[in-house]
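Values below: every heavy atom of this structure, side chains too, minus hydrogens, waters and symmetry copies. Remember, it's a predicted structure, so these values are computed and weren't measured experimentally. We're numbering straight along the sequence, starting at 1.
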Amino acid sequence: MALVADSLVGVVAAVIDLWYADVVDRIIADVISVTDAEIDTADLVYAFSGVVEAVAYLAAIVAFLVWLFRVRANAEILAPHGHRRSRPWLILGWIVPIVSLWFPKQIVDDIWDASARSWSSRKGLLHAWWAAWLVGAWVSNVAARLLFNAEEADALATAARFDVVSIALMLVAAVFAILVVLRITGEQEARRMEAAPVLHPGASRWA
């Protein structure tokens, strides 16, 4: 739900980006054609949308990490020795430079393997999600730098339009992330239901 909410906020933010870029273009073409009130409104809405977008993104990150810790705990029950990274890397893996390019993917790969009911379960969805995430995160970083360094009106309009590209790419990554969440959660729930009749009550504490 957090990923869906973040995606919806991203769509609204993209629309505002395009509208703001259009206002800036009109200012460049003929500054008299745009009133001071319209300029103030555009600046306020654009800044506010950025704040809302950041809050929604942080909420999605927190929700994803909570889910990741829970499915990792379940996966350790299913395969105690099948994990290449210790639990602290569930967070550190995303923020430590260089290793952040592959540690999170390895962690989710291991959870996927432990949760899958078939060892032949294909990982195309995981590969697509991680590729989309890496590309989207890189483009988002570029968009943020463009906006931060924009001093002229035309540079500001370019930054706003480039932000639409980054939002589109992150939407693709969010869709794949939602599918990964549903797939792993579904596999673990199926494993839990299969094991429930033969396990002693309390023998397994699923997160």
Treating Ile, Leu, Val, Met, Phe, Trp and Tyr as nodes and any side-chain heavy-atom pair under 4.5 angstrom as an edge, say whether [X] and [Y] lie in one connected cluster.
| X | Y | result |
| --- | --- | --- |
| Leu18 | Ile27 | no |
| Leu171 | Trp129 | no |
| Val142 | Leu147 | no |
| Trp102 | Leu92 | yes |
| Phe64 | Tyr57 | yes |

Going from [atom1] on [X] to [atom2] on [Y], what distance comes out if it is rounded to the nearest 0.5 angstrom?
| X | Y | atom1 | atom2 | answer |
| --- | --- | --- | --- | --- |
| Leu65 | Arg70 | CG | CZ | 13.5 Å |
| Leu156 | Asp25 | CG | CG | 10.0 Å |
| Asp6 | Met1 | CG | CE | 13.5 Å |
| Ser140 | Ile167 | OG | CD1 | 8.0 Å |
| Asp17 | Glu53 | CG | CD | 7.0 Å |
| Arg191 | Ile77 | CZ | CD1 | 11.0 Å |

Inset, instruction - Flag yes if more than 12 heavy atoms outside Ile98 fall under 6.0 Å of its CD1 atom; otherwise flag no. - result: no

Inset, instruction - Look at the side chain of Ser115 and the backbone N and O of Trp112, then say whether any donor-acceptor pair between them is shorter than 3.5 Å. - result: no

Inset, instruction - Determine, step by step, whether Leu68 and Ile91 satisfy the side-chain contact (heavy atoms from CB on, under 4.5 Å) criterion, reporting the C-alpha distance in whole Å, the side-chain angles of both residues, the deciding distance to 0.1 Å, and the verdict. - result: CA-CA 9 Å; Leu68 191 61; Ile91 292 179; over 6 Å; no

Within the 4.5 Å heavy-atom criterion, are [X] and [Y] side-chain neighbours or not?
| X | Y | answer |
| --- | --- | --- |
| Glu76 | Arg72 | yes |
| Trp89 | Arg84 | no |
| Thr41 | Val23 | no |
| Leu179 | Arg183 | no |
| Val71 | Val181 | no |
| Trp19 | Val45 | yes |
| Trp138 | Ser166 | no |
| Met170 | Val175 | no |

So, for [X] and [Y], which heavy atoms are closest and what is the spacing to 0.1 Å?
| X | Y | result |
| --- | --- | --- |
| Ala160 | Tyr20 | CB-CD2, 4.4 Å |
| Gly93 | Phe103 | CA-CB, 4.2 Å |
| Ala177 | Leu3 | CB-CD1, 4.0 Å |

Legend entry - side-chain contact (heavy atoms from CB on, under 4.5 Å) between Thr35 and Ile39, intermediate numbers included: CA-CA 6 Å; Thr35 65; Ile39 294 175; over 6 Å; no

Inset, instruction - Kindly indicate, with the supporting measurements, whether the criterion side-chain contact (heavy atoms from CB on, under 4.5 Å) is fulfilled by Arg26 and Glu38. - result: CA-CA 11 Å; Arg26 288 165 53 202; Glu38 189 174 2; 2.8 Å; yes

Inset, instruction - Find out whether the Lys NZ or Arg CZ of Arg87 is both under 6.0 angstrom from the six-membered ring centre of Phe69 and within 45° of the ring's axis. - result: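 Not satisfied by the 6.0 Å and 45° rule.
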
Inset, instruction - Begin from the C-alpha positions of Val96 and Val99 and carry the test side-chain contact (heavy atoms from CB on, under 4.5 Å) through to its verdict. - result: CA-CA 6 Å; Val96 175; Val99 300; 3.5 Å; yes

Legend entry - Donor on one side chain, acceptor on other, Trp67 and Thr185, under 3.5 Å: yes

Legend entry - Trace of the salt bridge (charged side-chain N to carboxylate O under 4.0 Å, His left out) decision for Lys105 with Asp109: CA-CA 6 Å; Lys105 174 63 162 51; Asp109 274 345; 2.9 Å; yes

Legend entry - Geometric class of the Trp130/Trp94 ring pair [parallel <30°, tilted 30-60°, perpendicular >60°]: perpendicular

Inset, instruction - For salt bridge (charged side-chain N to carboxylate O under 4.0 Å, His left out), just list the numbers for Asp113 and Lys123, CA-CA rounded to whole Å, side-chain angles, deciding distance to a tenth of an Å, and then say yes or no. - result: CA-CA 9 Å; Asp113 289 337; Lys123 296 182 180 178; 3.0 Å; yes

